[in-house]
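Below is one structure, written out as structure tokens; the observations come after it.
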Amino acid sequence: QVDLVESGGGSVQAGGSLRLTCAHSRWKVRPACMGWFRQAPGKEREGVASISIGGLSTSYTDSVKGRFTISVDDGLTTLALQMDSLEPEDTAMYYCATKEWFPCGLDLQYDNWGQGTQVSVSS
């Protein structure tokens, strides 16, 4: 079990930016994939962005393409999500997660989850 801790959430106006980060306590097994997910009130959790550690390939859900950027440092200590041009529809609790096996993607089949950080975007 790996403890993942998200930070960087907050309240911004539409068009603004936030940078979420996710730090981990320790790796027992190097993950294959890391990702960001979100859940808005009354809606199901959905994948936002993922990154494969080996090849550093990325994937994004269509609604955030061109606005959000996922990244991870070389030591795999910090996963980040740069969110620009935020929209009210981006309001949600954001979670980071990891999994040990490929393929990476935006499904919810991840092994370890953080507690989440709230993002609120006002119009």
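As a basis for the values below, the full set of heavy atoms in this structure was taken, side chains included, without hydrogen atoms, waters or symmetry mates.
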Spacing of [atom1] belonging to [X] relative to [atom2] belonging to [Y], to within rounding of 0.5 Å:
| X | Y | atom1 | atom2 | value |
| --- | --- | --- | --- | --- |
| M34 | T78 | CE | OG1 | 8.5 Å |
| L108 | E44 | CG | CD | 8.5 Å |
| R67 | S17 | CZ | OG | 10.0 Å |
| I70 | L81 | CD1 | CG | 6.5 Å |

Shortest non-hydrogen separation from [X] to [Y] and the atoms involved:
| X | Y | answer |
| --- | --- | --- |
| T98 | P31 | CB-CB, 4.1 Å |
| L4 | C96 | CB-SG, 3.7 Å |
| V48 | F68 | CG1-CD2, 3.7 Å |
| W36 | A80 | NE1-O, 3.3 Å |
| A92 | A40 | CB-N, 3.8 Å |
| S71 | I51 | CA-CD1, 4.2 Å |

Would you check if [X] and [Y] make a side-chain contact, meaning some heavy-atom pair closer than 4.5 Å?
| X | Y | value |
| --- | --- | --- |
| D84 | R19 | no |
| Y94 | M83 | yes |
| L20 | V119 | yes |
| T21 | L79 | no |

In one Ile/Leu/Val/Met/Phe/Trp/Tyr side-chain cluster, 4.5 Å: L106, Y110: no
S50 and S59 side chains, donor-acceptor separation under 3.5 Å: yes
S120-T91 side chain donor-acceptor pair, cut-off 3.5 Å: no
W113 ring center within less than 6.0 Å of F37 ring center: yes
Q118, CD atom: more than 12 neighbouring heavy atoms under 6.0 Å: yes
side-chain hydrogen bond (donor to acceptor under 3.5 Å, both in side chains) between S57 and S52, worked out: CA-CA 5 Å; S57 64; S52 67; 2.8 Å; yes
Six-ring centre of Y95, R38 cation under 6.0 angstrom, axis tolerance 45°: no
Polar side-chain atom of D111 near backbone of E100 as donor-acceptor pair, under 3.5 Å: yes
Q82 side-chain N/O to T69 backbone N/O, donor-acceptor pair under 3.5 Å: no
Residues D107, K99; criterion side chain to side chain contact (heavy atoms under 4.5 Å, CB included); working and verdict: CA-CA 11 Å; D107 58 74; K99 67 176 184 177; 4.2 Å; yes
